[in-house]
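Presented below is the structure to which this report refers.
Owing to the predicted nature of the structure, the values given are computational and were not obtained by experimental measurement.
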Amino acid sequence: MSTNQVSFTDVSKVFALRVDNQVQKISALKSVSFEVGQSEIVTLIGPSGCGKTTALRILMGLETASRGNVMVAGKMVKGCGYDRGLVFQHAELLPWLTALQNIMFGLELKGMRGAELKDTAMRYLDLVGLKDAANRRPYQLSGGMKQRVGIARALAIDPEVLLMDEPFGALDAQTRESLQGELLEIQARTKKTIVFVTHDLDEAVLLADRIIVMRGGSVQEIIKVDLPRPRGDLGTLRGSKEFAETRYVVWKALHNANEQRH
Ligand SMILES: Nc1ncnc2c1ncn2[C@@H]1O[C@H](COP(=O)(O)OP(=O)(O)OP(=O)(O)O)[C@@H](O)[C@H]1O
């Protein structure tokens, strides 16, 4: 974790909304700064509307910052790029393509052709445990399987940083838990740097090296998670004293964030 893969420095974002012929300004981010080290997993958590998705969208290049600097892998972010992969809450796969073709599509856009194209897509499908479902179309996949394809699609372009916006938020508790474990295993193998937005306190702790607690467009607190890596069996981890202690620290920070909001 010596070099920073992400530097978000003094970033502010103001949205201008036109309501009844009047322009209303919404300050979504106010001088937000944080860094993410190489191979680090950082989770962003905080009350609804505190700016988590806006921060992620700026990192992805889908929004521009009104002020401040955003660097990924040593380069200033100017629009989308293959150095970043995004996974949404809903995988948003192309419905007329198979799981394999959905992954190939992104690789083709990147310029990959021929045997390498199919082999690479298959390798990433295998990484998320879906080799046998390669020829299924999205409607033939469960919610969890679709999210796995979404993760494979983002990883296949070999980004420096994986940006994940509540990727497991729409899944049932059991599928969510197994995907959390799978994500940790994949990260241990690929060593990707991950910025992960979640509403779920347990998820924030289970996955992260550090947790950024946000409030009203600002960083309220950054909490280091000292749980060992690899995290091993997440069920056992959840039952540990260390997990409970960290969870309480984050709960308190969130509680403060909520109180100061009201
Ligand atoms: N395109 C936009 N135009 C105007 N306002 C926006 C836009 N996108 C976000 N906002 C506003 O910016 C603020 C932060 O929104 P954001 O979606 O980043 O919050 P969030 O923490 O991700 O919320 P949630 O947890 O509910 O998804 C909110 O007040 C929201 O209404």
Side-chain angles (χ1 to χ4, degrees), residues 4-36 41-92 106 147 150 153-154 159-170 193-201 203-204 207-208 210-223 250 253-262:
N4 284 326
Q5 280 291 69
V6 172
S7 304
F8 209 74
T9 314
D10 207 13
V11 174
S12 297
K13 175 70 184 177
V14 178
F15 288 107
L17 269 184
R18 189 169 279 281
V19 183
D20 297 333
N21 270 337
Q22 296 210 320
V23 177
Q24 193 184 327
K25 289 194 169 173
I26 297 172
S27 191
L29 296 177
K30 300 165 195 160
S31 294
V32 170
S33 296
F34 63 85
E35 284 165 347
V36 185
I41 305 180
V42 163
T43 50
L44 298 185
I45 193 167
S48 183
C50 70
K52 304 178 295 292
T53 293
T54 303
L56 210 70
R57 286 175 61 82
I58 290 174
L59 274 174
M60 190 60 199
L62 295 170
E63 297 282 359
T64 51
S66 309
R67 221 189 64 203
N69 281 328
V70 183
M71 308 258 297
V72 171
K75 278 181 287 177
M76 208 74 115
V77 169
K78 289 186 188 128
C80 297
Y82 292 115
D83 54 351
R84 285 149 289 148
L86 183 61
V87 182
F88 306 94
Q89 186 171 18
H90 299 281
E92 293 174 32
Q147 281 313 92
R153 179 180 56 186
E160 301 280 348
V161 178
L162 198 56
L163 304 169
M164 307 184 86
D165 195 358
E166 291 188 60
F168 309 146
T193 304
I194 300 179
V195 184
F196 191 109
V197 168
T198 182
H199 271 120
D200 187 284
L201 178 52
E203 183 166 82
L207 298 180
R210 282 183 308 140
I211 301 171
I212 298 176
V213 180
M214 292 183 66
R215 166 182 61 93
S218 304
V219 172
Q220 155 106 0
E221 208 169 320
I222 299 183
I223 297 162
V250 183
L254 274 173
H255 199 67
N256 288 341
N258 271 319
E259 273 196 343
Q260 291 175 34
R261 196 163 65 116
H262 296 300

>> I'd like to know whether Leu62 forms a side-chain contact (heavy atoms from CB on, under 4.5 Å) with Leu86, so could you lay out the CA-CA distance, the side-chain angles of the two residues, the decisive distance to 0.1 Å, and finally the verdict.
In response: CA-CA 11 Å; Leu62 295 170; Leu86 183 61; 3.8 Å; yes

>> For Val14, is there any backbone N or O sitting under 3.5 Å from a side-chain donor or acceptor partner on Ser66?
In response: yes

>> So Met76 and Asn69, do their side chains get closer than 4.5 Å, heavy atoms only?
In response: yes

> Heavy-atom distance under 4.5 Å between the side chains of Val77 and Ile58, does that happen here?
Replying inline: no

> What heavy-atom pair brings Glu160 and Ala73 nearest, and what distance separates the two atoms?
Replying inline: CG-CB, 3.7 Å

> To the nearest 0.5 Å, what is the distance between CG (Asp165) and OG1 (Thr53)?
Replying inline: 3.5 Å

>> Would you compute the distance between atom NE2 of His90 and atom CD of Gln147 and round it to the nearest 0.5 angstrom?
In response: 8.0 Å

> Given Phe168 and Asp200, is the side-chain contact (heavy atoms from CB on, under 4.5 Å) satisfied, shown in steps?
Replying inline: CA-CA 10 Å; Phe168 309 146; Asp200 187 284; over 6 Å; no

> So, the side chain of Asn4 versus the backbone of Ser7: is there a donor-acceptor pair under 3.5 Å, distance only?
Replying inline: no

> Between Arg215 and Cys50, does a side-chain contact (heavy atoms from CB on, under 4.5 Å) hold up when you go through it step by step?
Replying inline: CA-CA 5 Å; Arg215 166 182 61 93; Cys50 70; 5.5 Å; no

>> Could you report the tightest heavy-atom contact between Ser12 and Ser31, atom names first, then the distance?
In response: OG-N, 3.0 Å

> Which atom names give the shortest non-hydrogen contact between Ala154 and Leu162, and what distance separates them?
Replying inline: CB-CD1, 3.6 Å

> Once you round to the nearest 0.5 Å, how far does CD of Glu166 lie from CG of Leu44?
Replying inline: 11.0 Å

Which atom pairs, donor and acceptor, lie under 3.5 Å between side-chain atoms of residues 17-29 and protein residues at least two apart or in another chain?
none

> Heavy atoms, side chains only, cut-off 4.5 Å: are Glu221 and Ile211 in contact?
Replying inline: no

> What is the distance from atom CE of Met214 to atom CG of Leu254, rounded to the nearest 0.5 Å?
Replying inline: 12.0 Å

> Who pairs with Phe34 by ring-ring contact (aromatic ring centres under 6.0 Å, His included), at least two apart in sequence or on another chain?
Replying inline: Phe8

> Do you know which two heavy atoms are closest between Ser33 and Val219, and how far apart they sit?
Replying inline: O-CG2, 4.0 Å

>> Assess the residue pair Phe196 and Thr43 against the criterion (side-chain contact (heavy atoms from CB on, under 4.5 Å)); give the C-alpha distance rounded to whole Å, side-chain angles, the decisive distance to 0.1 Å, and a yes or no.
In response: CA-CA 5 Å; Phe196 191 109; Thr43 50; 3.9 Å; yes

>> Per the side chain to side chain donor-acceptor pair (under 3.5 Å) rule, what does the pair list look like for residues 73-84, sequence neighbours excluded?
In response: none

>> So, taking the atom named CD1 in Ile212 and the one named NZ in Lys52, what distance separates them when rounded to the nearest 0.5 Å?
In response: 12.5 Å

> Roughly how far, to the nearest 0.5 Å, is CZ of Arg57 from CG of Leu163?
Replying inline: 12.0 Å

> Are Val36 and Val161 close enough that some pair of their side-chain heavy atoms sits under 4.5 Å apart?
Replying inline: no

> Which heavy atom of Thr198 sits nearest a heavy atom of Ala204, and at what distance?
Replying inline: CG2-CB, 3.8 Å

